[in-house]
Amino acid sequence: MTDNAGSTAMIRLENLSKTFPRQSEQAVEDLTMEVPEGEIVILVGPSGCGKTTTMKMINRIIEPTSGRILLQGEDVTKVNPDLLRRRIGYVIQQIGLFPHMTIFSNVATVPRMLKWPDDKIRKRVDELLDLVGMDPSRYRDRYPKELSGGQRQRVGVARALSADPPVMLMDEPFGAIDPITRERLQNEFLRLQEEIRKTIVFVTHDIDEAIKMGDRIAILRERSVIAQYDKPEVILSAPADDFVADFIGSGASLKRLNLARVRDYELAEWPTVGFDDDRTTVLAALRGSDMGSVLLLDEQRRPQRWLQASDLARDSESLSDVGLPADALVAPQATLADALNEMVRSQVGCAVVVDARGVYRGTVDMSIIMAAAETMRQSARAESIAGLGQPADDSPSPVRERQPEQAES
Amino acid sequence: MTMTAEDVRPEVAGDPYSTGPDLRERASTVRRYLFMPVMLAVVCVLLYLWVSSKQLDSIEARLLNATVIRDSIVRHLELVGLSTVLVILIAVPLGILLTRPFARPFVPAVVGLGNMGQAIPSLGVIALLALTLGIGFRYAIIALVVYAFLPVLRNTMVGLRQVDPAVIESGRGMGMTKAAVLGRIEMPLAVPVVLAGVRTALVINVGTATIAVLTNAGGLGTIIFSGIVQNRQTVLLTGSILAAVLALAVDYVAGVAEDKIRPRGL
């Protein structure tokens, strides 16, 4: 493997086809695609388009009728499928934890098959449970039925990572989880991926999930024919055809906001006052800006209340009792879409950014969102024009701007 | 199974860190386990007191003594034990084979045969065997095997089929061989259903074994049929009650074994 992440094809599918027995039509027709190392590639398409079949041919749960599968340059189309699968992590929607085995045994399955020494397995399982945010001492000896859906899903991911496979296949891994937990797991998984940098093939039917999770998205039509295979920004700005445009649906600009993080933008400032400020100072602050309200912070500079001039009329009350509660808080890791959502809910029309300790950092207002949307649209358009004329599978592009070091430049 | 939001699920019983409810549960388990043996012991004591309060004639005395009763029970248990072991040895592997994809065409034929075995009255099976093959312990065993075969076969197949396909797929997807998936996932998960079938077979066999006496194989049937033939109500009742107690005792032991063998976490 090279240190030049993203430039090598970890998985290459060549002219892959699948015809199921007793069916005249092909489920997958002559598919050729490459998955670059260290990226999340999403296969997305309408149901029945063959995306799951395509994914399952990579670890040969479904054997291809014709074509070749190359893993790290090695032709694995004919190797022993059981040995092949031990090199590929596999997460399915139903998770499929072994109900009669403890969490430890579930996660230890592949290392045991690979005959790792016991103490190495024990260390690895604890490390993985930690990694997915589950306290090993608390959960190691439990059974799957004692866990919630979200916890089972994390164990499923830990189990797939157990033997540190370079490649993971994920079939709608967050599909059966309630929306709130799903969003949390998605964010956790993206954070995890920044650490582990696996090559991931991820199947979903949800275009929003695809845009959020994918470094690249392959939009598939019937028989797994690639309609467009590109970075999400490009797909959103320059859909290849009507099929892709229809599939993305309306609101591409809104969806694009899912690609940007609050921390990557310069925040707006809002006039603030502290608990110990007197009313004259507050009034001065109000007059000094055209916002119409000031944000009251406590001693630790955590947002407390929104104050307007009318709130200051009665002298008797303490500042912390008047005005409106300061809600619409977002974390720096939140996407601009999250921020926009909070903004719409907010009383004053902006989202307040606070760090992990709740300390005020700035605000996101409409002008920031507008500017970000415009920049993203232009850069994606430029990129899609630059990318024209080149076959998609040999133009390794730099890793997405989700990473902070790129976004700061 | 419903998916719940994170961490809303309460601590479950069996959690090593919470002892309170666990202790209470253990106490109720003990009560449950003790009920049946105590009841059966009481029945046996009452039966003993009743029989000893009677004036037995020579025929009754010849049948109702410790040696005859003990030998009958031992013989009865031999019939039941051996036939059930044979049933398990044949029906479980056959059930496994029949749930493999390649065997699908043979399933109706085999299950049909098993059905036939159970549909023919047990007396008929023994009579048939006596007419065609002969009489004695061996043929009684064959009859019992034929008769108890279906519940074990059927439960093995049902048990294997009800294993969640997602669990099997995730096992295969992790690189477990077919044999490993069968041995370490499918069979353990099918065990509760298979055991229920074995338990049914055992109880059927305790009952059916009482007619093994007709093919000269002994057992508690000896006492019952002597009671009928020689018109001795005390003997008949004693034999019948002992057979019933034995059936319940075997069922109880099988039930306890089921609880112990069943994999945890299910």
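Just so we're on the same page: letters track the sequence lines, and every chain starts at 1. Predicted model only: the values in this text are computed from it and were never measured.
If you take CG on B:L153 and CG on B:L113, they are separated by 10.0 Å, rounding to the nearest 0.5 Å.
Of all residues spanning residues 165-183 of chain B, those with a heavy atom less than 4.5 Å away from chain A's heavy atoms are B:A166, B:V167, B:E169, B:S170, B:G171, B:R172, B:G173, B:M174, B:G175, B:M176, B:T177, arranged by number.
Remark: the B:N205 side chain and the B:T208 side chain contain no N/O donor-acceptor pair separated by less than 3.5 Å. For the 3.5 Å distance criterion, the side chains of A:T77 and A:D75 qualify, holding a donor opposite an acceptor.
Among A:L97, A:I92, A:N59, the residue with the largest count of heavy-atom pairs under 4.5 Å with chain B is A:I92.
Taking 4.5 Å as the limit, every side-chain heavy atom of A:M57 sits out of range of all side-chain heavy atoms of A:L13. Counting heavy atoms from C-beta outward, B:R161 and B:M157 have side chains that approach closer than 4.5 Å. Within the 4.5 Å cutoff, no side-chain heavy atoms of A:E342 are placed close to those of A:L329.
In this structure, no portion of A:D171 lies under 4.5 Å from any heavy atom of chain B. For chain B, the nearby part of A:I88 is the backbone; its heavy atoms alone come within less than 4.5 Å. Residue A:L83 does not touch chain B at all, counting heavy-atom pairs closer than 4.5 Å. Of the atoms belonging to B:R262, not a single heavy atom falls under 4.5 Å from chain A.
With salt bridges taken as basic N to acidic carboxylate O contacts below 4.0 Å, none links A:E209 and A:K212.
Relative orientation of the B:Y33 and B:Y252 rings is perpendicular, given thresholds of 30° and 60° on the angle between their planes.
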